[in-house]
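Here is the structure we will look at.
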Amino acid sequence: MKVEALARLLLARGRCKAFVTTREFCLCGMLSNLRAAGGSHLVDVGASVRVLRSGELLAEPLRSGSLQIDADTLLTRRLQTHRRHVHERVVPDEYWRRAAAL
């Protein structure tokens, strides 16, 4: 998903569930409040679950901060696309269960 599509979605709905893949982690969370930040964008992350490169699972039941979205960030709303984005990483089954529950 391109940032422009996320902006349209957030403008219409206020927040949305999305899957994010960066070099450091993969995340499933509720995103809101997209804004420009220099050459990238920031988005607020509500309830979320993420897996670090080390395989450690982190779950945040409430707002977990802001996330910088840049050209290397993979962003999607589709589960199967997210699975392709993280296919080379070790992702615990618990991540997928918690992501489905969000």
Side-chain angles (χ1 to χ4, degrees):
M1 172 188 309
K2 295 182 180 181
V3 173
E4 295 80 14
L6 177 62
R8 285 191 305 272
L9 190 61
L10 292 177
L11 183 62
R13 296 185 181 177
R15 68 182 188 138
C16 71
K17 178 179 173 178
F19 299 98
V20 180
T21 306
T22 70
R23 289 185 198 110
E24 294 82 28
F25 60 85
C26 62
L27 169 140
C28 175
M30 299 303 291
L31 306 183
S32 63
N33 193 25
L34 180 70
R35 58 210 178 271
S40 62
H41 291 82
L42 290 176
V43 66
D44 291 339
V45 180
S48 68
V49 59
R50 73 184 75 197
V51 176
L52 305 178
R53 272 292 221 202
S54 65
E56 181 182 359
L57 180 74
L58 301 173
E60 297 285 341
L62 303 173
R63 186 177 188 282
S64 57
S66 296
L67 173 68
Q68 183 173 359
I69 299 174
D70 58 28
D72 295 331
T73 304
L74 300 174
L75 181 64
T76 184
R77 295 196 62 228
R78 295 181 167 196
L79 178 62
Q80 292 305 325
T81 303
H82 185 55
R83 285 185 184 274
R84 284 195 308 272
H85 289 166
V86 300
H87 78 279
E88 294 180 357
R89 299 183 187 194
V90 176
V91 179
D93 289 338
E94 182 67 16
Y95 171 78
W96 303 112
R97 282 192 291 275
R98 288 179 180 242
L102 276 180

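We're numbering straight along the sequence, starting at 1. Only a predicted model underlies this, so the values are computations on that prediction, with no experimental measurement involved. Computation of the quantities below employed the complete heavy-atom set of this structure, encompassing side-chain atoms and omitting hydrogens, waters and symmetry-equivalent molecules.
Heavy-atom neighbours of R77 CZ from other residues, nucleotides or ligands within 6.0 Å: above the threshold of 12. In the displayed structure, R97 atom CZ is contacted under 6.0 Å by more than 12 heavy atoms of other residues, nucleotides or ligands. Around the CZ atom of R13, the shell of radius 6.0 Å holds no more than 12 heavy atoms that belong to other residues, nucleotides or ligands. Residue-environment remark: CZ (R63) exceeds the threshold of 12 foreign heavy atoms within 6.0 Å.
Other cluster members for L62: none, since no ILVMFWY side-chain heavy atom sits under 4.5 Å from it.
Closest heavy-atom contact between V49 and Y95: O-CE1, 3.5 Å. Across all non-hydrogen atoms, the minimal contact from S32 to G14 is CB-O, 3.4 Å. Shortest non-hydrogen contact noted between A47 and P61 is CB-O, 3.4 Å. Between C16 and L10, the shortest heavy-atom contact is N-CD2, 3.8 Å.
V43 and L58 fall within a single hydrophobic cluster, where Ile, Leu, Val, Met, Phe, Trp and Tyr side chains are chained together by heavy-atom contacts under 4.5 Å.
Listed by first and then second residue, the ring-ring contact (aromatic ring centres under 6.0 Å, His included) pairs that reach into residues 8-36 are F19-H82, sequence neighbours excluded.
To the nearest 0.5 Å, atom CZ of residue R53 and atom CZ of residue R23 are 10.0 Å apart. Here the CG atom belonging to L74 is positioned 11.0 Å from the CZ atom belonging to R84, to the nearest 0.5 angstrom. Atom OG1 of T76 and atom CZ of R78 lie 7.0 Å apart (nearest 0.5 Å). In this structure, CD on E94 lies 6.0 Å from CG on L57, to the nearest 0.5 angstrom. Note: H41 NE2 to E4 CD = 7.0 Å, rounded to the nearest 0.5 Å. For the atom pair CZ of R98 and CD of E60, the computed distance is 10.5 Å after rounding to the nearest 0.5 Å.
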* From CA spacing to verdict: side chain to side chain contact (heavy atoms under 4.5 Å, CB included), V51, R89 -> CA-CA 9 Å; V51 176; R89 299 183 187 194; over 6 Å; no
* Stepwise side chain to side chain contact (heavy atoms under 4.5 Å, CB included) check, L79 with C28 -> CA-CA 10 Å; L79 178 62; C28 175; over 6 Å; no
* V45 and V20: CA distance, side-chain angles, deciding distance, side chain to side chain contact (heavy atoms under 4.5 Å, CB included) verdict -> CA-CA 11 Å; V45 180; V20 180; over 6 Å; no
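Partner L31 forms a side chain to side chain contact (heavy atoms under 4.5 Å, CB included) with one of L75, L9, D44 and no other, that one being L75. When the options V3, D70, T73, D72 are evaluated for a side chain to side chain contact (heavy atoms under 4.5 Å, CB included) with S40, the one that passes is D70.
A donor and an acceptor atom, one from each side chain of R35 and S66, are located under 3.5 Å apart.
For D93, the side chain to side chain donor-acceptor pair (under 3.5 Å) test picks out no residue, with sequence neighbours left out.
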